[in-house]
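See below for the structure under consideration.
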2 protein chains.
Amino acid sequence: MLTIGAVAAQTGLTEHTLRYYEKIGLLDPVPRGPGGQRRYREQDLRWLEFLLRLRATGMPLRDMLAYAEQRRVGNTAESLALRRKLLAAHADKVAEEIAVLQSTLQLLQGKIDIYRGWEASLPLSYQLDKE
Amino acid sequence: MLTIGAVAAQTGLTEHTLRYYEKIGLLDPVPRGPGGQRRYREQDLRWLEFLLRLRATGMPLRDMLAYAEQRRVGNTAESLALRRKLLAAHADKVAEEIAVLQSTLQLLQGKIDIYRGWEASLPLSYQLDKE
DNA sequence: ATAAAAGTTGGAGTGCACTCCAACGCAAGC
DNA sequence: GCTTGCGTTGGAGTGCACTCCAACTTTTAT
């Protein structure tokens with residue numbers, strides 16, 4: 001049973017953000033101890049860590065919210081199919097994004113090498129073509 | 001010599017954004033035709049396309065601006081070294097981001113397969129563990 | 001018992017990257 | 001030569017995802 005501070009430390013989120021995620025419905029209401037303070041369970045932490053991976057791969061909160069809402073619906077055939085589709089759509093976007101990053105990484109490495117060349121041979125001869 | 005509309009169509013940016021990029025200094029002031037309308041040159045387009053690849057890989061405008069400002073400085077040894085470092089730092093981030101995306105893509109594919117399994121065998125048996 | 005640290009709420013504020021608006025000026029096609 | 005639409009400016013507004021504030025309560029450490 002973790003306090004909000006402990007969860008913040010473990011996940012790298014701020015306490016503000018944890019409360020915010022709960023407020024908007026990304027997290028189910030976290031159980032409270034005496035005095036009304038949040039006590040996070042293992043399962044809350046696991047769910048949060050999954051959300052963070054969605055976030056790290058660029059999924060907007062809006063989409064995470066749609067997934068969270070389906071989780072609350074329960075395991076009906078429709079809900080399971082919908083959740084699978086949400087994840088599959090995101091997986092496609094991630095794959096596409098990987099391709100974009102890889103091609104640009106190559107471009108960058110090419111440019112970096114050109115800079116290295118310019119810096120090695122004196123740059124005087126290149127005043128004209130400033131790419 | 002392209003009009004702002006033509007450049008917008010080619011790059012996918014809006015005309016608003018093109019003016020905005022010029023206003024903040026990402027683009028050098030674009031030459032104007034009679035009447036003050038922008039006429040983009042080939043070099044403006046090439047620079048813009050490079051910026052778009054930086055943007056597509058998550059570089060903030062602030063950093064693109066730093067690079068653009070160094071380009072204006074000219075090809076001094078210091079400026080070339082600085083620009084190379086800016087690109088190298090970004091390349092590192094991109095490589096890191098690719099790693100994150102790839103590991104999460106695997107996770108997603110695993111989860112998608114689990115959903116497929118649930119949907120195939122009737123989901124009744126899984127009411128307890130709603131991951 | 002008390003002081004310091006950690007937690008609570010609703011609501012306002014922030015930074016980024018656009019995005020749109022009003023009011024107007026030029027340009028290309030018929 | 002007139003209309004239709006493309007272009008101009010400064011400045012205000014938007015959506016996202018936090019982030020902070022004020023005023024307060026609860027918990028923990030000494």
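In what follows, chains are A, B, ... by sequence order, proteins preceding strands, each numbered from 1.
Closest contact between the side chain of T17(B) and the listed nucleotides dT19(C), dA17(D), dG7(C) involves dT19(C). Ranking dC18(C), dA27(C), dG7(C) by closeness to the R55(B) side chain, first place goes to dC18(C). Closest to the side chain of K23(B), from the set dT9(D), dA27(C), dG10(D), is dG10(D). Of the candidates dG7(C), dT19(D), dA17(D), the closest approach to any side-chain atom of I4(A) belongs to dG7(C). Of the candidate nucleotides dT19(C), dT19(D), dG7(D), dT19(C) has the atom nearest to the side chain of Y20(B). Distance from the side chain of H16(B) is smallest to dC20(C) among dC20(C), dC16(C), dG7(D). In this structure, the nucleotide among dA27(C), dC18(D), dT8(C) sitting nearest to the side chain of R32(A) is dT8(C).
Distance CD (E15(A)) to P (dT27(D)): 15 Å, rounded to an integer number of Å. To the nearest angstrom, P of dC16(C) lies 14 Å from OH of Y21(B). Rounded to whole Å, atom P of dC18(C) lies 13 Å from atom CG of L65(B). Between the CG atom of L2(A) and the P atom of dA6(C) there is a distance of 15 Å, given to the nearest Å. Regarding M59(B), its CE atom lies at a distance of 14 Å from the P atom of dC18(C), rounded to whole Å. The interatomic distance linking L18(B) (CG) with dC6(D) (P) rounds to 15 Å, in whole Å. Spacing between atom CZ of R39(A) and atom P of dT26(D) amounts to 13 Å, rounded to whole angstrom units. As a whole-Å value, the separation of L61(A) CG from dG15(D) C1' is 12 Å.
Salt bridge status for E97(B) with K93(B): absent, with no side-chain N to carboxylate O gap under 4.0 Å. Ionic pairing of E49(A) and R53(A) is not present here: no N-O contact between side-chain nitrogen and carboxylate oxygen is shorter than 4.0 angstrom. A salt bridge links R32(B) to E22(B): at least one charged side-chain nitrogen sits closer than 4.0 Å to a carboxylate oxygen.
OP1 or OP2 of dC18(D) has not a single side-chain nitrogen or oxygen of T14(A) nearer than 4.0 Å. OP1 and OP2 of dA6(C) both lie 4.0 Å or more from every side-chain N or O belonging to T3(A). Within the 4.0 Å cut-off from OP1 or OP2 of dG7(C), not a single side-chain nitrogen or oxygen of R38(A) is found.
Under the side-chain hydrogen bond (donor to acceptor under 3.5 Å, both in side chains) criterion, D113(A) pairs with no residue at all, not counting sequence neighbours.
At a threshold of 4.0 angstrom between heavy atoms, the contacts of R19(A) include nucleobase atoms, whether or not backbone atoms are also involved. The residue R62(A) sits close only to the backbone: its heavy atoms come under 4.0 Å of sugar-phosphate atoms, none of a base.
The cationic atom of K111(B) (NZ for Lys, CZ for Arg) lies less than 6.0 Å from the six-membered ring centre of F50(A) and within 45° of the ring axis. For the pair R41(A) and W47(A), the NZ or CZ position fails the cation-pi test of under 6.0 Å to the six-membered ring centre and within 45 degrees of the ring normal.
Along DNA chain D, the nucleotide nearest to P34(A) and the one nearest to G35(B) differ in position, and the one closer to the 5' end is contacted by G35(B).
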